[in-house]
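Have a look at the structure below before the remarks.
Side chains are part of it too, since the values below use all heavy atoms of this structure and drop only hydrogens, waters and symmetry mates. Bear in mind the structure is a predicted one, so any value in this text is a computation, not a measurement. Chain identifiers are assigned alphabetically (A, B, ...) following the order of the sequence lines, protein sequences preceding nucleic acid strands; residue numbering begins at 1 within each chain.
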Amino acid sequence: MSVEETVSPNNFIRHIIDEDIKTGKNEGKVATRFPPEPNGYLHIGHAKSICLNFGIAKDYDGTCNLRFDDTNPHKEDEEFVDAIQKDVKWLGFDWGGRLYFASDYFQQLHDYAVELIKNGKAFVCDLGADEVREYRGTLKEPGRESPCRNRTVEENLDLFKRMKEGEFEDGARVLRARIDMASPNINMRDPTLYRIRHGVIHHQTGEKWCIYPMYDYTHPISDALEGVTHSLCTLEFEDHRPLYDWVLDNISIPCHPRQIEFSRLNLQYTIVSKRKLTELVKEGHVDGWDDPRMPTIAGLRRRGFTSRSIRDFCDRIGVTKSDNTVEMGVLENCIREDLNEHAPRRMAVLHPLKVVIENYPEGHPEELDAANHPQDESMGTRKIPFGREIYIDRGDFLEVAPNKKFKRLVSGGEVRLRNAYVIRCNEVIKDNNGDIIELRCTYDPDTLGKNPQGRKIKGVIHWVSVTHAIEAEIRLYDRLFNLPAPESAGKDYKEFINPDSLWTLTQCFIELSMADAKPGEQFQFEREGYFCLDEAHVSGNRPVFNRTVTLRDTWSKKNSM
RNA sequence: UGGGGUGUCGCCAAGCGGUAAGGCACGGGGUUUUGAUCUCCGCAUGCGCAGGUUCGAAUCCUGCCACCCCAGCCA
């Protein structure tokens, strides 16, 4: 497979790793991890991180762990841990049995906390949440020390033990690191290490614990326990790195991974924020996490994106520290490139208009041969039934050509039926409203597989035989938001939800050969785009197809300007 | 002068003192029974701005400017 041969592009993180290997750091080993919190589905931004972490492990002959950062049972759920594993696997990565949970380390995390207390590096604080905030100071002014800051080791040990044993209510006390309330870095102003959470059932540890460690405390230790060498995270954690290092420097743990930050992905016309995606799902703006309009891995999969195209996308966008917003065109290009190569061609009529071929014999349908791929003979051919009555797309007929460049069918004009004959339109039948309901045509029997003598046929249109067509529902998707950057418009992003992001067409006709298509199977509907049979939905007894992406269309683009 | 970051083509992004890669997008030509694909050509005398060092600066120095992140007992 060509993807496996692709050389991953270099980036600044790989440069750092190259240097570490050259200088013999970590004995030349490379270990990364992908650490999602199971509080939502993975999205395209996570794909960037997954490709980075697993890609590095693969290329450097190292390892990449899948570790759930499950320190906040309030927001987390088993549904998400299952979905995340499914998505990482689907993206083509393998954690090889190294599946971990931060909650696996709760006991060790607790023991290291006791160690910090014993060394006077942590204390139990009685301040309430509001007071802690007040004492923290502001961005420009230093904070004040908690009145509890100078408790004795014995008292701290006793209080922490009683916190663990459930003696205190939620919020009554926290364990804090004893660092520096005057630090210009707010993260270093005696950050909270442990909080009390009663009455929640943790999806992994049940009711075993009522104190839960914070991210800033859990993450460095989890990394170190797993022997991670390079801990890759996004830019907003850059300010947390001093704390990451402080934790590891102040406990007796032999390993000290290096945290390296890179910028997160932003994609135009969508949002890549788990919190906001959760809102879209919960408030019903979309039909679940796997709605084909969602930038989630599950949504992209259902839309018809291949994992190969997503990996390709991640390679193309690169990894840097600069803020970036990638155009949809890049993602679209990736899936078009993949599907152009791999998707077999089919014909489907989305907006049917009936055509009767008057000089074609009745009751003598024939079977024509059609290539499954115009450039790849190895994909073979198929039979397509042709008959006296066919459907063409309404958009492929106009009574009068609007300009000399129009090459579809017009009254009195000729057009090539893809994989079949040239037809001429002789008559336009209309209903009482003046709407076109049928075309009367004749065909030239001498044009199958060859061009007619003495005249040039400019246009080619697709079609489907009326008697053999399968009725289908086709869903056309457009961008979820009608603003390139819905999150930074200074208003609620939900105001920019595109009301026309889904068009459902219920009376479409697809060619017979797709009768036994499998869920998820992908096709190019010639001249329309790439479509896949929906994984889950059948509407009545009609199959449902999702449009993954249109074909590139320089013609309509030019004419719409 | 609160701290931490980032600024190279419309969007990504190489570049690491020797004279601006590549991809997407865009414009144009060719082939074509998909207005697709494929193919060829074009697309930064310029690297946030201003100075300086140097034979030579996107790369080094100085000073500005713009944008992003941080005051959860979220991650």
Margin query: Given the structure, check if the side chain of A:Glu327 and the base of B:G10 hold any donor-acceptor pair shorter than 3.5 Å.
Written below: yes
Checklist line | Phosphate-side-chain proximity, A:Ser263 and B:U6, N/O vs OP1/OP2 below 4.0 Å | finding: no
Notebook entry, point to check: What do you reckon, do A:Tyr215 and the base of B:A75 stack, with centroid distance below 5.5 Å and planes below 30°?
Noted result: no
Check: Where does B:G72 land, syn or anti, given syn is within 90° of 0?
Finding: syn
Next item on the list: Describe the nucleic acid contact of A:Tyr212 in one word from base, sugar-phosphate, nothing, applying a heavy-atom distance below 4.0 Å.
Entry: nothing
Check: When all nucleic acid strands are considered with a 4.0 Å heavy-atom cut-off, which category describes A:Lys321: base, sugar-phosphate, or nothing?
Finding: sugar-phosphate
Notebook entry, point to check: Any donor-acceptor pair under 3.5 Å joining the side chain of A:Gln375 to the base of B:A36?
Noted result: yes
Item checked: Value rounded to 0.5 Å, distance of CG in A:Asp376 from CZ in A:Arg345 -> 9.0 Å
Notebook entry, point to check: Using purine N1 to pyrimidine N3 plus N6-O4 or O6-N4 for Watson-Crick, or N1-O2 and O6-N3 for G-U wobble, each under 3.5 Å, what pairs with B:A71?
Noted result: none
Check: Taking atom types as they are modelled, is there a donor-acceptor pair under 3.5 Å from the base of B:U34 to the side chain of A:Arg527?
Finding: no
Check: Can you tell me how far the CZ atom of A:Arg416 sits from the CG atom of A:Asp444, to the nearest 0.5 Å?
Finding: 9.0 Å
Check: Salt bridge check: are A:Glu414 and A:Arg455 linked by an N-O gap of less than 4.0 Å?
Finding: yes
Margin query: Let's see if you get this right: which residues in residues 191-199 of chain A place a heavy atom under 4.0 Å from RNA chain B?
Written below: A:Thr192, A:Arg195, A:Arg197
Item checked: Spacing of the C1' atoms in B:C16 and B:C47 (rounded, Å) -> 14 Å
Check: Can you check whether A:Arg133 has a side-chain N or O nearer than 4.0 Å to OP1 or OP2 of B:G72?
Finding: yes
Next item on the list: Assign A:Lys450 to base, sugar-phosphate, or nothing according to its heavy-atom contacts below 4.0 angstrom with the strands shown.
Entry: base
Next item on the list: Establish whether the base of B:U37 is bridged to the side chain of A:Glu341 by a donor-acceptor pair shorter than 3.5 Å.
Entry: no
Notebook entry, point to check: With the threshold set at 4.0 Å, does a side-chain nitrogen-carboxylate oxygen contact exist between A:Arg382 and A:Asp369?
Noted result: no
Checklist line | Phosphate-side-chain proximity, A:Thr320 and B:A13, N/O vs OP1/OP2 below 4.0 Å | finding: yes
Item checked: 5' precedence on RNA chain B between A:Phe525 and A:Glu37 (nearest-nucleotide basis) -> A:Phe525
Every protein N/O lying under 3.5 Å from an N/O of nucleotides 15-17 of chain B:
{"from": "B:G15", "atom 1": "OP1", "to": "A:His15", "atom 2": "NE2", "distance (Å)": "3.1"}

Notebook entry, point to check: Less than 6.0 Å separating the ring centroids of A:Tyr421 and A:Tyr443?
Noted result: yes
Check: Do A:Phe262 and A:Phe12 have ring centres separated by under 6.0 Å?
Finding: no
Next item on the list: Considering only atom C1', compute the distance from B:G30 to B:G35 and round it to an integer number of Å.
Entry: 15 Å
Checklist line | Note: A:Lys450-A:Asp446 ion pair, threshold 4.0 Å (strictly below) | finding: yes
Note to self: Can you check the distance between B:A25 and B:C11, where both ends of the measurement are the P atom (answer in whole Å)?
What the structure shows: 15 Å
Margin query: Check the phosphate of B:A75 against A:Arg67, side-chain N and O only, distance under 4.0 Å to OP1 or OP2. Yes or no?
Written below: no
Check: Is the shortest side-chain N to carboxylate O distance from A:Arg162 to A:Glu167 below 4.0 Å?
Finding: yes
Next item on the list: Verify the contact: side-chain N or O of A:Thr71 to OP1 or OP2 of B:C74, cut-off strictly under 4.0 Å; return yes or no.
Entry: no
Checklist line | Partner nucleotide, any strand, of B:C49 [Watson-Crick/G-U, under 3.5 Å] | finding: B:G63
Margin query: Say we look at B:G63 and B:G46: how far apart would their C1' atoms be, to the nearest angstrom?
Written below: 23 Å
Notebook entry, point to check: How would you list, by chain and number, every residue that makes a ring pair (Phe, Tyr, Trp, His ring centres under 6.0 Å) with A:Phe160, sequence neighbours excluded?
Noted result: A:His110, A:Tyr194
Next item on the list: Nearest 0.5 Å please: distance from the CD atom of A:Gln522 over to the CZ atom of A:Phe305.
Entry: 10.5 Å
Note to self: So for A:Asp239 and B:G3, does any side-chain atom that can act as donor or acceptor lie under 3.5 Å from a complementary atom in the base?
What the structure shows: yes
Check: Considering every strand shown, what is the Watson-Crick or G-U wobble mate of B:A58 when both distances are under 3.5 Å?
Finding: none
Next item on the list: Using the P atom as the reference point in each nucleotide, state the distance between B:U45 and B:U8 in Å, no decimals.
Entry: 15 Å
Next item on the list: Give one of base, sugar-phosphate or nothing for A:Gln524, where a contact means two heavy atoms less than 4.0 Å apart.
Entry: base
Notebook entry, point to check: Would you say a side-chain N or O of A:Ser322 is under 4.0 Å from OP1 or OP2 of B:G5?
Noted result: no
Note to self: Regarding B:G35, can its base be found pairing with the side chain of A:Arg408 as donor and acceptor, where the two atoms are less than 3.5 Å apart?
What the structure shows: yes
Check: So, is A:Arg552 near the phosphate of B:U37, with a side-chain N or O under 4.0 Å from OP1 or OP2?
Finding: yes
Checklist line | Of the listed nucleotides B:C24, B:G7, B:G5, the one nearest the side chain of A:Val330 | finding: B:C24
Checklist line | B:A14 pairs with, by Watson-Crick or G-U criteria that keep both distances under 3.5 Å | finding: none
Item checked: OP1 or OP2 of B:U34 under 4.0 Å from side-chain N/O of A:Arg346 -> no
Check: Can you tell which of B:U34, B:C74, B:A71 lies closest to the side chain of A:Lys75?
Finding: B:C74
Item checked: Distance, C1' atom - from B:G7 to B:A14, rounded to whole angstrom -> 16 Å
Next item on the list: Kindly indicate whether the side chain of A:Arg336 and the base of B:U37 share any N or O donor-acceptor pair separated by less than 3.5 Å?
Entry: no
Check: Going by an N to O cut-off under 4.0 Å, is there a salt bridge joining A:Asp70 and A:Lys75?
Finding: no
Margin query: Ring centres under 6.0 Å, that's the criterion: do A:His219 and A:Phe237 meet it?
Written below: no
Check: Do A:Phe68 and A:Phe101 have ring centroids that are under 6.0 Å from one another?
Finding: yes
Checklist line | Touch class at under 4.0 angstrom, heavy-atom based, for A:Gly529 against every strand present | finding: nothing
